[in-house]
Amino acid sequence: MSVADFVKGVVADVLEDMLRKSSASKRAKRRKRTSSLTVAERLRRLERQASKPAKRQTSKRRTVKARSKAKRRSY
């Protein structure tokens, strides 16, 4: 068996593997929502979301502390 035959075999295997992997698992397309909501329902939802209080902003010191190396080592 020559080097050329070996290379041909490896290339054929790799190409076959790539083809198999790319064609087997395709991600499902996201479906658009159907516009079954009436205008009033849509407005009610928007108002409900707008009425919620805003989240408090976390202090910079807390976020930095959470990202510290010592903390990450303890996981």
Side-chain angles (χ1 to χ4, degrees):
M1 185 169 159
S2 68
V3 175
D5 290 336
F6 176 72
V7 171
K8 267 187 197 173
V10 169
V11 169
D13 284 344
V14 169
L15 285 174
E16 189 180 307
D17 194 39
M18 284 171 57
L19 273 172
R20 186 169 37 83
K21 283 181 181 174
S22 67
S23 62
S25 59
K26 287 194 176 178
R27 187 173 175 175
K29 289 184 181 177
R30 293 195 177 118
R31 294 188 187 101
K32 286 185 179 177
R33 283 189 185 150
T34 56
S35 58
S36 61
L37 293 177
T38 63
V39 177
E41 286 175 323
R42 213 174 285 140
L43 271 173
R44 217 176 301 128
R45 278 194 179 180
L46 287 171
E47 285 171 354
R48 203 181 314 139
Q49 286 176 346
S51 66
K52 287 181 183 174
K55 288 186 177 179
R56 291 284 310 271
Q57 187 173 352
T58 312
S59 71
K60 195 171 187 179
R61 192 184 306 153
R62 274 195 178 167
T63 53
V64 168
K65 196 175 177 184
R67 287 194 209 111
S68 73
K69 285 183 181 177
K71 276 250 185 185
R72 273 188 267 139
R73 271 192 223 109
S74 67
Y75 295 146

Quick one: side chains of residues 11-19, donor-acceptor pairs under 3.5 Å with protein atoms, not counting sequence neighbours, listed by atom name and distance.
| unit_1 | atom_1 | unit_2 | atom_2 | d |
| --- | --- | --- | --- | --- |
| Asp17 | OD1 | Arg20 | NH2 | 2.4 |

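Taken to the nearest 0.5 Å, the CZ atom of Arg45 stands 9.5 Å off from the CZ atom of Arg42.
Listed for the Glu41 side chain is a donor-acceptor partner under 3.5 Å among the backbone atoms of Thr38.
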